[in-house]
Amino acid sequence: MSFTLIIGNKNYSSWSLRPWLLMKQFGIEFNEIRIPLYQTETQSQISQYSDSGKVPVLIHNTLTIWDSLAICEYLAETFPNLNLYPQDKTARALARSISAEMHSGFQHLRQNMPMNCRASKPGKGMTQEVQKDIERITNIWRQLRRQFFQEGNMLFGKFTIADAMYAPVILRFKTYGVQLDSVCQDYSGAILELPAMQQWLEAAENEQETISASEIG
Ligand SMILES: N[C@@H](CCC(=O)N[C@@H](CS)C(=O)NCC(=O)O)C(=O)O
């Protein structure tokens with residue numbers, strides 16, 4: 001099987017991190033093509049792979065799949081034995097719900113605290129609406145950690161698509177110094193310690209491009 005994942009800058013591309021981390025965590029091998037975003041040639045480069053004009057894009061043999069959640073779900077179906085979503089149907093429904101909620105929501109957080117792995121801007125970007133987004137996210141984490149703590153240190157015990165979907169938020173919380181309680185801190189710490197996350201952060205550190213819209217504050 002041949003997979004190629006097209007991603008954006010590791011420092012900024014929150015959507016790219018999701019399938020990238022998922023594939024690394026489950027040992028699904030892929031070729032990586034990185035396209036720096038918002039440069040003159042970005043759109044023509046992305047259009048070689050997808051008409052969506054956006055990354056991530058996954059090429060699997062002759063099939064093109066775009067949009068981070070669609071890619072994750074496609075991989076879950078392609079590797080049913082790996083349990084990319086929890087095996088239990090009830091847990092899987094929950095994992096799908098929170099993944100979809102992340103995919104379509106939390107606009108205030110996204111807008112005011114753009115992912116910028118290299119930066120440290122404690123206190124920047126906080127508004128009442130952002131605070132509400134953070135409260136919703138941390139409530140989800142607390143509830144799941146209570147429910148699944150015996151099975152491991154990820155949201156559903158073992159690493160699943162849900163953790164991949166929330167990984168960029170953990171990087172945002174780190175950059176903007178969002179204060180977390182001990183449960184959420186432990187969960188964030190466990191994600192940040194994953195070798196694949198460390199690898200992503202190291203690569204982000206070494207990138208040269210900057211995107212001014214993400215350098216707010
Ligand atoms: N909902 C899409 C969003 C993808 C997206 O917005 N990607 C951004 C980078 S993080 C992008 O490609 N931007 C390039 C552009 O708009 O020119 C997904 O989940 O993949």
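These numbers come from the heavy atoms of this one structure, side chains and all, not from hydrogens, waters or symmetry mates. Read the numbers this way: they start at 1 and go in the same order the structure lists the ligands and their atoms.
- Pairs passing the salt bridge (Lys or Arg N to Asp or Glu O under 4.0 Å) check and including a residue from residues 32-50, sequence neighbours excluded, read Lys10-Glu32, Arg34-Glu207, Arg34-Glu209.
- The heavy-atom pair separating Leu69 from Ser99 by the smallest distance is CD1-CB, 4.2 Å.
- Contact shell of ligand 1 (protein heavy atoms, cutoff 4.0 Å): Ser13, Trp15, Leu37, Tyr38, Gln43, Gly53, Lys54, Val55, Pro56, Asp67, Ser68, His103.
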Sequence neighbours left out, cut at 3.5 Å: what donor-acceptor pairs do the side chains of residues 151-171 make with other protein atoms?
| unit_1 | atom_1 | unit_2 | atom_2 | d |
| --- | --- | --- | --- | --- |
| Thr160 | OG1 | Ala162 | N | 3.2 |
| Asp163 | OD1 | Leu155 | N | 3.0 |
| Asp163 | OD1 | Tyr187 | OH | 2.7 |
| Asp163 | OD2 | Thr160 | N | 2.9 |
| Tyr166 | OH | Ile98 | O | 2.9 |

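- Scanning for side-chain hydrogen bond (donor to acceptor under 3.5 Å, both in side chains) contacts around Arg18 gives an empty result, with sequence neighbours left out.
- Taking the six-membered ring wherever Trp is involved, the centroid distance between the rings of Trp141 and Phe173 falls below 6.0 Å.
- Electrostatic pairing of Arg110 and Asp133 does not count as a salt bridge here, judged by no charged N lying under 4.0 Å from a carboxylate O.
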